[in-house]
Amino acid sequence: MSDGKRVGIVLVSHSAAVAASVAELARGLAGAGAGVPVAPAGGTEDGGLGTSAELISAAAASVDRGAGVAVLTDLGSAVLTVKALLAEGDELPADTRLVDAPFVEGAVAAVVTASTGADLAAVAAAASEAYTYRKE
Amino acid sequence: MLDADFFRRWMTATAASVEREAERLTALDSPIGDADHGSNLRRGFTAVVAVLEKDAPDTPGAVLVLAGRQLISTVGGASGPLYGTLLRRTGKALGEAAEVSEAQLTDALRAGVDAVMALGGAAPGDKTMIDALVPAVDALPESFAAARAAAEEGALATMPLQARKGRASYLGERSIGHQDPGATSAALLITALAGAAEAGEAADV
């Protein structure tokens, strides 16, 4: 992307520790993320296990550079909460997309791809592609 | 005709019922879920009552849209986006009318239930809230009391089913023999709706 804007990545987990660790892992494997804005949104606002719509909205706003935001999630209610926020219409940056991807592998693929200046569609495709990597 | 006061009564009655039944919902959620259904819904509906008092929306649609928005942002578990979507979509389907008919409520609630099915990917028989909501909407054209009876029957009928959605689905056959907490709380919502209607009739006399 010629203007240097990077796609933002939001990592939604039921656990604050999982979201933060996966963000750190993805940034580290992408060479410190090469300027990709990555925000974890893990757990509930009071630090418990669960999903917080407020934390997700804040994380998405914090990584929005105008090139779109890719949201990756872990389990059921994280997926449902992001879908419900997208349906609200005005809760997430305009060009926000829930990406169908495995959480850890998808996060790494998304951050690495975003670091090359790829657009949102390419970032989402790379993250989804991680499903095809078999382990046996 | 049903006005904004009716819908506020419905939400207040649901909050009171969830408060009363929170421990039972959590007990139902212990063997097949993560034992937080009662506490999550209590947090959500407490917030709903607070925001309805503060903002005082003046149409049926606005009451439900605001309540749904509040559930999505405060519950923290899957029941937040599911119940939030149910109320918000029902509210949107009611539009901006100051009063709505029972037939309009039935149509709007059906749109809300359809939206929940689309969001969660659940169908009747999957051992979810849908198993109480679908029969309730089907019975609503007959009467509020019929909808309540259908929801309660639907919730009880989840007992022999095997869960196919959510955390309980990982348990496979071990989910059989437990009443679904989501269908149970959905029956509370419909019971509160019937209660709001009966309270309105009593006030009209």
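Note that these values count all heavy atoms, side chains included, but never hydrogens, waters or copies made by symmetry. Per chain, numbering begins at 1; letters A, B, ... match sequence-line order.
- No more than 12 heavy atoms of other residues, nucleotides or ligands lie within 6.0 Å of CD in Glu24(A), so this atom counts as exposed by the packing criterion.
- Nearest heavy-atom pair across Arg88(B) and Ala87(A) is NH2-CB, 3.5 Å.
- Contact detail for Gly120(B) and Leu80(A): the closest heavy-atom pair is CA-CD2, 4.0 Å.
- Your options are Ile72(B), Thr74(B), Val75(B), and the one with the most heavy-atom pairs under 4.5 Å with chain A is Ile72(B).
- Shown here is Glu99(B), whose CD atom has more than 12 heavy atoms of other residues, nucleotides or ligands within 6.0 Å.
- Interface residue Ser73(B): backbone and side-chain heavy atoms are both found under 4.5 Å from chain A.
- With values rounded to the nearest 0.5 angstrom, Lys83(A) atom NZ is found 10.5 Å from Leu82(B) atom CG.
- Interatomic distance, NE2 of His14(A) versus CG of Asp34(B), reported as 7.5 Å (0.5 Å rounding).
- With a 4.5 Å cut-off on non-hydrogen atoms, Arg167(B) does not touch chain A at all.
- Contact of Ser52(A) with chain B is not made at all, since no heavy-atom distance falls under 4.5 Å.
- Across every non-hydrogen atom of Ser77(A) and Gly76(B), the tightest pair is OG-O, 4.2 Å.
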